[in-house]
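Proteins come first, then strands; the chains are lettered A, B, ... in the order of their sequence lines, and each starts at number 1.
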Amino acid sequence: MNKKFAQVIIDNKSSSTDKPYTYLIDSDLVELVEEGMRVLVPFGLGNRVVKGIVIKIEENYFGSHKLKKIIDVIDDKPLISKDLIDLSIWMSEKYLSPYIDAFKAVLPPGDFKEVKTNILLEEVHDDIYNTLDTLEKSVVTIIHNNKGKIELGELKEQMNNRLTNKIIRQLESKGILTTSMEIQTSIEPKYEKYVYLKNRFNSREELNQKIGKRSYKQLEIAEFLFDKGEIPLKELMMEVNSSISTIKSMEKKGLIQIVNREIFRSPIKEDISPYKKHELTLEQRNCFDTIMDHINRNQSSKFLIHGVTGSGKTEIYLQLVEEMINKGKESIVLVPEISLTPQTVQRFVGRFGDRVAVLHSKLSYGERFDQWRKIREGKVKIAVGARSAVFAPFSNLGLIVIDEEHESTYKSSMNPKYDTLQVAEKRCDQFGSTLVIASATPSVESYYRSIKGEYKLLNLKKRIMNRELPFVKIIDMREELNSGNKSIFSKELYEAIEENLKDNKQTILFLNRRGHSTFVSCRQCGYVVKCNKCSISMTYHLKENRLKCHYCGLAISPPNICPVCKSKYIKYFGIGTEKVEEFTKRLFPNAVVKRMDLDTTSKKGSYESILNNMKEEKIDILIGTQMVAKGLDFKNVTLVGIIAADTSLNLPDFRSPERTFQLITQVAGRAGRGDFEGKVIVQTYNPEHYSIQLAQEYNYLAFYNKEVLIRKEFNYPPFTNIISIIIYGEDVKRVIIKSKEFYKILINNLKQINLIDFVDNIIGPFPAPLERIKNNYRYQIIIKCKNEYLDKLKTAIEWVFIYNRYKVDVTGIKFNIDINPNSIL
DNA sequence: AGCACGCCGACT
DNA sequence: GTCGGCGTGCTC
């Protein structure tokens with residue numbers, strides 16, 4: 001008997017069922033099931049039928065479970081290829097992520113269980129039809145009677161024959177059928193379960209009578225619902241600390257109703273004009289040739305392009321991609337989310353037209369699925385997108401480009417908490433393809449690796465057309481203050497803006513903080529308005545006249561009198577982009593001033609409209625956050641002002657000098673991109689800090705050399721790995737007790753496996769720098785560990801925190817484990 | 001997530 | 001005793 005064994009991942013987001021389950025593939029299915037296909041399997045004591053995905057097929061089974069059989073196979077082709085399956089398994093191990101989350105990253109967007117296969121009938125001539133066997137004929141007839149198109153599941157139902165998938169494949173190879181995937185997202189929006197009391201009770205007394213004293217838990221829930229009305233099921237379970245079974249039995253009794261409510265989402269669209277090919281400069285050509293030379297000699301290689309801002313890196317990517325197309329290979333181009341919207345995408349779509357798939361966060365599930373399907377079915381050759389585009393399901397991948405590789409958005413903060421650079425390396429290894437990463441300010445880690453020879457370093461030192469990098473002037477704001485200037489503009493910046501306006505040139509003002517005032521405080525007693533769910537001061541937003549929490553979104557009206565001491569001396573401190581806008585408009589009443597940050601670009605198309613106005617020179621002064629720092633290319637911008645270079649410098653994170661250096665360099669790069677010289681004015685209270693000084697000189701190498709020494713001395717990446725474990729929950733006392741308990745268990749475990757002496761450092765548990773977010777108290781343990789012991793350490797962490805082998809009661813406690821996180825805040 | 005098993009308290 | 005609620009543990 002020909003039988004095989006399949007490892008199946010079942011989607012039910014509970015950590016205890018997140019592992020491969022082995023099922024028997026009976027002889028009648030053995031030829032139909034492939035890795036990457038979805039199957040129906042019996043699961044649990046009640047053998048309920050669930051959908052799962054086959055990740056491995058083996059000839060033998062040596063385990064001791066009595067195996068159940070796969071009921072049926074859903075797909076006629078694998079949803080994902082073998083290399084993406086391997087990649088997911090690799091990710092779940094590398095980043096300690098649940099399998100199901102790692103697989104969701106590579107599976108079609110949306111709910112993979114809802115993917116349908118459509119079968120389309122081509123024209124069939126009688127002479128061909130007559131060569132078919134009976135079963136094949138009946139398939140053709142069924143589809144014909146269904147207007148030439150049918151969904152696979154429905155066809156199988158009508159055929160009522162195990163071999164349907166096989167027949168389809170035969171007919172497909174004869175060119176009689178074609179198949180195509182579809183997902184029903186436009187009519188299947190996202191839902192969440194809500195609970196409410198069935199409206200039969202007028203009073204508590206009536207409730208008590210109906211339920212009876214015995215079911216005190218039910219009574220508690222009912223009373224809770226009586227007060228609250230409708231509430232999400234998850235929240236209810238949290239609030240009353242009850243299990244689902246209690247709630248379900250109440251539903252059975254008809255006391256409560258559980259309903260699905262839709263959660264909203266929205267799409268956007270854009271128009272794009274052609275972008276013609278540019279002649280490469282000598283430097284660009286050298287860089288391009290070196291890469292192509294390696295590719296042509298079939299040496300799979302990794303390159304780091306260190307190119308100053310405005311050196312024309314995008315044109316190099318474009319031409320590399322073109323070469324790939326000529327070789328019949330596909331390319332993935334990754335850009336940070338923020339610069340994704342118009343400019344880079346316009347260039348790719350402008351040059352390659354419908355051979356480009358664009359993936360970004362503003363697509364709806366349906367749109368995203370369409371892009372995914374185009375890639376999967378080989379209809380496009382290039383995928384341009386944010387970090388998740390690294391999973392684009394190409395089958396003959398030749399090149400991955402990562403633009404602005406230093407950007408923090410390349411590290412995911414959700415499961416799987418992957419680092420896009422590492423994933424890209426892995427994919428390139430799988431396909432033998434080329435990896436090109438590039439930045440004007442490479443991350444210390446990447447540059448270190450290029451020095452060690454893991455990446456081949458390519459330099460672009462000149463801007464195109466030999467334009468000069470803009471002159472950077474540092475203004476010591478302490479001196480401004482001493483000379484009596486309390487304004488947010490130094491004298492020098494003010495005069496420069498004034499002059500720029502006179503010359504009809506454009507100005508960009510950068511401040512990495514949105515809102516109007518960053519905190520509101522009482523001058524009498526020092527009280528600061530804080531979010532009542534997060535340990536963070538609230539930012540005042542002028543336009544809406546509200547105080548907002550930038551972590552949880554809570555908005556309240558600003559107080560007129562101090563809630564503590566009742567004084568009316570409430571003052572607004574700190575500057576945000578909104579206040580900069582207000583001041584700028586007041587000081588330059590004749591200038592057209594626009595602000596670009598999260599608050600002004602949340603509406604559909606508003607980002608594009610601001611950029612277009614900027615391009616058409618309808619805006620004199622553009623004020624913005626991070627958004628203006630990346631990739632924007634306006635020829636008429638000659639002045640860039642950095643309002644406060646210190647905001648990113650004083651954060652308690654080892655990467656803050658690096659961030660500051662990168663930010664200043666990137667923002668400065670926005671000036672002088674046209675025929676006119678650019679100027680940058682940096683305002684700071686720390687003018688002597690090395691990251692500001694060296695950014696002024698555009699001296700990346702000196703910055704790197706200094707920074708890498710510090711990293712070595714204090715043992716930070718790239719010399720070690722940092723693992724952050726955050727233990728959080730709503731009950732502070734429990735969080736503290738549990739984090740101490742887990743810390744002890746972890747230490748004991750590490751002692752047992754003789755690892756404790758090899759782990760560089762374990763600190764904690766201490767309150768996380770952001771001690772409270774969205775009502776959760778957060779305690780943190782930070783572990784440093786060299787590469788060679790990392791795997792052992794991860795196993796220990798998995799054992800203690802994820803599998804919870806020590807059976808610690810973890811009700812109300814959650815963990816967030818991040819390996820080499822972006823920041824340790 | 002869903003299902004069964006077994007403990008335990010309240011009522012006959 | 002016995003009925004029913006509620007927590008616990010397992011799912012190839």
Side-chain angles (χ1 to χ4, degrees), chain A residues 3-26 29-30 33 35 37-73 89 98-101 103-104 111-114 190-195 207-208 210-224 232-256 258-260 802-814:
Chain A
K3 286 180 184 173
K4 286 188 181 172
F5 304 90
Q7 285 183 25
V8 178
I9 297 284
I10 281 141
D11 174 25
N12 49 21
K13 49 189 155 191
S14 125
S15 65
S16 46
T17 50
D18 183 68
K19 59 186 166 203
Y21 287 87
T22 310
Y23 282 87
L24 186 70
I25 314 173
D26 223 342
L29 282 177
V30 94
V33 181
E35 291 170 355
M37 283 182 180
R38 292 171 303 163
V39 287
L40 293 175
V41 289
F43 191 71
L45 289 153
N47 278 334
R48 67 181 199 283
V49 179
V50 297
K51 288 177 184 176
I53 183 149
V54 176
I55 61 160
K56 203 164 173 75
I57 292 177
E58 284 165 328
E59 302 290 329
N60 299 299
Y61 175 70
F62 301 107
S64 52
H65 287 284
K66 41 181 181 329
L67 302 183
K68 294 178 185 173
K69 288 178 190 172
I70 288 180
I71 296 170
D72 201 1
V73 53
I89 296 170
Y99 282 101
I100 193 67
D101 291 328
F103 275 98
K104 280 192 175 155
D111 189 346
F112 73 90
K113 286 177 295 190
E114 297 304 325
K190 217 178 147 189
Y191 289 102
E192 188 171 342
K193 278 183 182 159
Y194 278 74
V195 187
L207 257 181
N208 290 355
K210 185 95 188 170
I211 295 171
K213 276 179 230 151
R214 286 213 271 155
S215 322
Y216 61 93
K217 199 77 197 180
Q218 295 189 5
L219 205 63
E220 189 190 335
I221 292 170
E223 286 197 340
F224 185 81
L233 178 61
K234 275 182 197 159
E235 214 170 291
L236 177 69
M237 286 171 67
M238 293 272 286
E239 293 283 341
V240 296
N241 193 19
S242 75
S243 66
I244 186 78
S245 65
T246 316
I247 297 169
K248 283 274 175 182
S249 62
M250 289 178 75
E251 188 192 24
K252 270 186 198 146
K253 281 189 188 168
L255 292 167
I256 57 165
I258 302 177
V259 285
N260 273 322
I802 299 176
Y803 299 145
N804 191 13
R805 286 300 153 95
Y806 298 83
K807 308 272 178 204
V808 181
D809 173 21
V810 287
T811 7
I813 301 285
K814 286 184 195 153

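Between A:Asp18 atom CG and C:dT11 atom P the separation is 15 Å, expressed in whole Å. The separation between A:Ile70 atom CD1 and C:dT11 atom P is 18 Å, rounded to whole Å. Residue A:Ile10 contributes atom CD1, which lies 17 Å from atom P of C:dC10 at whole-angstrom precision. Rounded to an integer number of Å, the gap from A:Tyr803 OH to C:dG9 P is 19 Å.
Partners of A:Ile802 under the side chain to side chain contact (heavy atoms under 4.5 Å, CB included) rule, at least two apart in sequence or in another chain, are A:Leu96, A:Glu798, A:Ile817. Take A:Lys4 and apply the side chain to side chain contact (heavy atoms under 4.5 Å, CB included) test, not counting sequence neighbours, and it matches A:Ile25, A:Val30, A:Ile57, A:Glu59. Under the rule for a salt bridge (Lys or Arg N to Asp or Glu O under 4.0 Å), the partners of A:Lys69 that lie at least two apart in sequence or sit in another chain are A:Asp26. Annotation: side chain to side chain contact (heavy atoms under 4.5 Å, CB included) contacts of A:Phe62 (sequence neighbours excluded): A:Asn60. Partners of A:Lys248 by side chain to side chain contact (heavy atoms under 4.5 Å, CB included), not counting sequence neighbours, listed by chain and number: A:Ile244, A:Glu251. Applying the salt bridge (Lys or Arg N to Asp or Glu O under 4.0 Å) criterion to A:Asp11, with sequence neighbours excluded, gives A:Lys104, A:Lys113.
Near DNA chain B, meaning a heavy atom under 4.0 Å from it, residues 40-50 of chain A has A:Leu45, A:Arg48 in order of number.
Among pairs with a residue in residues 44-56 of chain A, those fulfilling side-chain hydrogen bond (donor to acceptor under 3.5 Å, both in side chains) read A:Asn47-A:Lys68, at least two apart in sequence or across chains.
Between the side chain of A:Tyr23 and the main chain of A:Pro42, a donor-acceptor pair closer than 3.5 Å is present.
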Its contact letters, B for base, S for sugar-phosphate only and - for none at protein heavy atoms under 4.0 Å, make nucleotides 3-8 of chain C read --SSS-
